J.: 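Dropping a structure here in structure tokens format, bear with me for questions.
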There are 2 protein chains.
Amino acid sequence: MFIEIQTNSSVPIYLQLAQQLIEGIARGELKPGDSLPSVRAFAADLGMNMHTVNKAYHYLEEKEFIQIVAKSGVIIQPNGIPKATAQEQQKLAEQIRPLIAEGLVLKLSEEEMVVMVRQLVQNIKEGTS
Amino acid sequence: MFIEIQTNSSVPIYLQLAQQLIEGIARGELKPGDSLPSVRAFAADLGMNMHTVNKAYHYLEEKEFIQIVAKSGVIIQPNGIPKATAQEQQKLAEQIRPLIAEGLVLKLSEEEMVVMVRQLVQNIKEGTS
DNA sequence: AAATGTGTTACAATAGAAGTAGAACAAAAG
DNA sequence: CTTTTGTTCTACTTCTATTGTAACACATTT
């Protein structure tokens with residue numbers, strides 16, 4: 001899968017990488033059991049430091065989207081990623097909340113924001129920007 | 001209006017303050033032309049440093065939600081806050097996108113996320129958590 | 001006019017975290 | 001045994017958040 005990093009973005013490289021991998025999973029391009037490149041190989045491939053890739057991997061591991069198997073490599077959660085717990089969903093909502101509030105202040109209607117979300121879902125699934 | 005700061009949160013104080021003011025505007029509790037406390041008074045009231053309040057104010061000013069009028073204080077955008085431009089909406093979408101992607105990975109359906117957004121809109125308008 | 005109160009801006013300083021990177025290490029794989 | 005792999009330790013630089021102090025602007029009071 002293609003990874004595209006914007007070095008002058010305010011969002012750190014490791015996060016950009018992690019987010020793009022998340023989108024890869026969301027879109028089904030990365031399936032349970034698939035293996036990801038080693039930190040070194042990936043880093044060399046992307047022209048970044050090993051630690052940056054490592055950090056992205058650990059970020060994803062903490063969310064339990066992947067498994068890091070010591071000395072052997074990294075694979076997408078092989079038994080499939082379980083559905084969000086109430087707690088995870090709550091946490092997600094908390095993160096979205098200030099953005100919705102901002103939308104409201106900018107006079108976006110509930111419907112407009114719903115449309116925005118639907119659009120985003122489509123874009124992610126299609127891999128379009 | 002009622003401000004509640006959590007000092008042990010990972011989200012910085014000035015941002016918590018700004019976000020709560022934004023919610024105040026969204027919920028209509030703060031109307032165009034309303035004035036906000038001076039940096040010093042507000043800081044004393046909330047038990048924080050004036051610069052922290054100042055930073056929140058400037059954050060909101062940059063978004064053009066308020067006007068900082070030198071010497072006379074701070075007021076909510078008196079002519080009403082204009083509807084989001086295409087660019088602002090785009091930017092909002094960009095910020096929401098990684099969260100939606102994460103939701104998808106956690107097997108939340110498009111409908112579930114739409115419901116989540118509608119719920120958030122209600123909560124914000126009601127001022128509930 | 002001078003003083004005082006109220007409020008903003010500017011400069012400084014600090015502590016801490018974040019982002020990125022190099023080198024050495026131990027275990028697994030081949 | 002050699003190569004590969006994730007881990008660990010260290011290190012450096014840059015941001016960030018917060019606070020402190022002082023200077024400045026203006027209106028009102030004395």
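Throughout, a chain's letter reflects where its sequence line sits, starting with A, and its residues are numbered from 1. Keep in mind that the numbers below use all heavy atoms, side chains included, and drop hydrogens, waters and symmetry copies. Not measured: the values here are computed from a predicted model.
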J.: Output the rounded distance in Å from CG (A:L46) to P (C:dG19).
T.: 18 Å

J.: Provide, to the nearest angstrom, the distance between the OH atom belonging to A:Y59 and the C1' atom belonging to C:dA18.
T.: 14 Å

J.: Can you tell me the distance, in whole Å, between the CG atom of A:N54 and the C1' atom of C:dG22?
T.: 14 Å

J.: So, OP1 or OP2 of D:dT7: does either fall under 4.0 Å of a side-chain N or O from A:H51?
T.: no

J.: Is any side-chain nitrogen or oxygen of A:Y14 closer than 4.0 Å to OP1 or OP2 of C:dT20?
T.: no

J.: Please report, rounded to the nearest Å, how far the P atom of D:dT16 is from the CD1 atom of B:I13.
T.: 17 Å

J.: Between B:R118 and A:E111, does any side-chain N to carboxylate O distance fall below 4.0 Å?
T.: yes

J.: Between A:S72 and C:dA28, is there a side-chain N or O to OP1/OP2 distance below 4.0 Å?
T.: no

J.: Would you kindly give the CG-to-P distance between B:L15 and C:dA17, to the nearest whole Å?
T.: 18 Å

J.: Does A:K55 or B:V74 map to a spot on DNA chain C nearer the 5' end, using the closest nucleotide for each?
T.: B:V74

J.: Does the salt bridge (Lys or Arg N to Asp or Glu O under 4.0 Å) test come out yes or no for B:K125 and A:E110, once each step is laid out?
T.: CA-CA 11 Å; B:K125 284 186 178 168; A:E110 177 172 332; 5.2 Å; no

J.: Given that B:I68 and A:M48 both sit by DNA chain C, which one's nearest nucleotide is further toward the 5' end?
T.: B:I68

J.: C:dA26, OP1 or OP2 - any side-chain N/O from A:K71 closer than 4.0 Å?
T.: no

J.: Is the shortest heavy-atom distance from the side chain of B:L104 to the side chain of B:M113 under 4.5 Å?
T.: yes

J.: Any chance you could lay out the side-chain hydrogen bond (donor to acceptor under 3.5 Å, both in side chains) test for B:Q90 and B:E94, step after step, and finish with the verdict?
T.: CA-CA 6 Å; B:Q90 166 75 16; B:E94 263 171 34; 3.3 Å; yes

J.: Does the side chain of B:H58 get closer than 4.0 angstrom to OP1 or OP2 of C:dT8 through an N or O atom?
T.: no

J.: With a 4.0 Å cut-off on heavy atoms, is A:Y57 in touch with a base, just the backbone sugar-phosphate, or nothing at all?
T.: nothing

J.: B:I5 CD1 to D:dT19 C1': how many Å, rounded?
T.: 16 Å

J.: Just verifying a value: how many Å separate A:M116 CE and A:I100 CD1, rounded to the nearest 0.5 Å?
T.: 8.0 Å

J.: Between B:L60 (CG) and C:dT8 (P), how many Å, whole number?
T.: 14 Å

J.: For B:L17 and D:dA17, give me the distance from atom CG to atom P, rounded to whole Å.
T.: 14 Å

J.: Less than 4.0 angstrom between a side-chain N/O of A:N49 and OP1 or OP2 of C:dG19, yes or no?
T.: no

J.: Side-chain N or O of B:T52 less than 4.0 angstrom from OP1 or OP2 on D:dT19?
T.: yes

J.: Distance criterion of 3.5 Å, no angle test: do you see the side chain of B:R40 paired donor-to-acceptor with the base of C:dT8?
T.: yes

J.: Taking the side chain of A:P12 as its heavy atoms from C-beta onward, which of C:dG19, D:dT7, C:dT9 lies nearest to it?
T.: C:dG19

